[in-house]
Number of protein chains: 2
Amino acid sequence: MHNSQVSAETWSIAELAAEYDVTLRTIRFYEDRGLLTPERRGTARVYHPRDRVRLALILRGKRLGFSLDEIARIVDMYDAEPGEEGQLVYLLDQITHRRTELEQRRRDIEETLQDLAEVETRCHADLKALRDQSASS
Amino acid sequence: MHNSQVSAETWSIAELAAEYDVTLRTIRFYEDRGLLTPERRGTARVYHPRDRVRLALILRGKRLGFSLDEIARIVDMYDAEPGEEGQLVYLLDQITHRRTELEQRRRDIEETLQDLAEVETRCHADLKALRDQSASS
DNA sequence: TTCGTGCTTGACGCTTACGTAAACGTAAAG
DNA sequence: CTTTACGTTTACGTAAGCGTCAAGCACGAA
């Protein structure tokens with residue numbers, strides 16, 4: 001076997017890459033940017049559940065169009081130590097900010113979906129017109 | 001006055017830029033990429049309502065994290081001529097595809113908002129703990 | 001020992017989406 | 001006529017997010 005007894009708790013870089021359909025290069029790049037910090041066993045990277053969760057969060061952030069810098073700030077919020085009051089207030093501020101952005105995006109999505117629905121209706125109408133016409137020839 | 005009798009129907013590049021808070025460079029870049037096709041009056045660009053709508057669509061697409069290439073395809077769907085059956089079927093296919101993407105993004109947003117809410121709750125709890133502690137000293 | 005497989009670290013390349021001058025046109029106002 | 005405002009093209013610069021070699025280590029199988 002390739003996986004030893006710890007296979008339920010850790011992953012190789014290739015396993016993570018396969019699971020989330022990204023390249024090894026991408027995962028290493030995220031590490032370069034400080035987004036992932038896998039354990040080292042010798043020279044090889046060993047990924048723990050925490051890293052796996054973070055990778056999932058990173059990819060979700062990317063789908064939402066956030067830059068890696070923004071994602072770093074967001075993801076780090078999850079792991080933040082309680083810390084001092086100033087830190088906490090800052091965090092709450094960031095949360096408000098992100099929430100505003102996300103709600104804007106949600107509105108954008110709703111609008112776009114509605115627009116698409118209209119185009120679709122038009123398409124179906126045009127198709128019907130075409131077929132009625134060819135049926136009458 | 002700077003605007004002649006047609007001011008209700010057309011805009012200069014600077015007016016559009018100010019209205020949507022983008023630079024002139026950005027607007028010209030979108031034209032380069034074929035996303036906008038303003039009229040030319042002499043050498044100057046004159047934007048009609050159609051261009052204005054398209055710019056709004058482009059920016060919405062950007063907020064959603066689409067690339068300009070994808071946005072071009074999406075926006076062009078709105079203006080598509082009825083065309084032949086193959087074209088229409090292709091368009092309907094594209095619509096389905098975009099809808100799937102957008103629904104994925106909407107799920108991502110919901111999840112992220114939930115996560116943020118959890119972090120927020122934790123923050124408030126930590127803050128309360130800090131203040132209770134300092135009050136008892 | 002040699003091979004294959006998987007992993008490693010550089011390091012250069014590429015595309016996207018603009019920023020940022022540079023250098024010039026045009027047209028109304030003072 | 002000159003200034004000012006607004007516009008133009010050309011072109012090089014840049015940050016982000018990887019792709020793509022190149023060269024080498026480590027380790028189990030043959």
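Source: prediction; values computed, not measured. Proteins come first, then strands; the chains are lettered A, B, ... in the order of their sequence lines, and each starts at number 1.
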Five-pair end axes of the helix from C/dT1-D/dA30 to C/dG30-D/dC1 and the angle they enclose, rounded to 10°:
10°

Measure the distance from CD1 on A/Ile27 to P on C/dC7 and round it to the nearest whole Å.
10 Å

For A/Asp32 and D/dG19, what is the distance between atoms CG and P respectively, to the nearest whole Å?
14 Å

Residues at least two apart in sequence or cross-chain that pass side-chain hydrogen bond (donor to acceptor under 3.5 Å, both in side chains) with A/His48, listed by chain then number, are A/Glu39

Rounded distance in Å - CD1 (B/Ile13) to C1' (C/dT26)
16 Å

Rounded distance (Å) that lies between atom C1' of C/dA17 and atom CG of B/Leu24:
16 Å

Sequence neighbours excluded, the answer for salt bridge (Lys or Arg N to Asp or Glu O under 4.0 Å) partners of A/Asp126 is none

Any B/Arg40 side-chain N or O less than 4.0 Å from OP1/OP2 of D/dG7:
no

Between the protein and nucleotides 24-29 of chain D, list the N/O to N/O atom pairs that are separated by less than 3.5 angstrom.
none

Distance-only donor-acceptor hits, side chain of residues 84-93 of chain A, under 3.5 Å, sequence neighbours excluded:
from, atom 1, to, atom 2, distance (Å)
A/Glu85, OE2, B/Arg131, NE, 3.4
A/Glu85, OE2, B/Arg131, NH2, 2.6

Between C/dT5 (P) and A/Glu15 (CD): distance, integer Å:
18 Å

For atom CG of B/Leu16 and atom C1' of D/dG7, their distance in whole Å
14 Å

Under the rule for side-chain contact (heavy atoms from CB on, under 4.5 Å), what residues qualify as partners of A/Asp76, not counting sequence neighbours?
A/Arg54

Filter on salt bridge (charged side-chain N to carboxylate O under 4.0 Å, His left out), then keep only pairs touching residues 19-31 of chain B, sequence neighbours left out; what's left?
B/Glu19-B/Arg52, B/Glu31-B/Arg40, B/Glu31-B/Arg45

Whole-Å distance separating the CD atom of B/Glu39 from the C1' atom of D/dG7
15 Å

Taking side-chain contact (heavy atoms from CB on, under 4.5 Å) as the definition, give me every residue that meets it alongside B/Leu64, ordered by chain and number, with sequence neighbours left out.
A/Asp108, A/Ile109, A/Thr112, B/Phe66, B/Leu102, B/Arg105

What is the per-nucleotide protein-contact pattern of nucleotides 12-18 of chain D, from the 5' end, where B denotes a base atom under 4.0 Å from a protein heavy atom, S denotes such proximity for sugar-phosphate atoms only, and - denotes neither?
----SBB

Quick one: list whatever passes side-chain contact (heavy atoms from CB on, under 4.5 Å) with B/Arg107, sequence neighbours left out.
B/Glu103, B/Gln104

How would you list, by chain and number, every residue that makes a side-chain contact (heavy atoms from CB on, under 4.5 Å) with B/Val53, sequence neighbours excluded?
B/Leu57

Restricting to side-chain hydrogen bond (donor to acceptor under 3.5 Å, both in side chains), what partner residues turn up for A/Arg106, sequence neighbours left out?
B/Glu110

Phosphate OP1/OP2 of C/dT20: any B/Arg28 side-chain N/O under 4.0 Å:
no

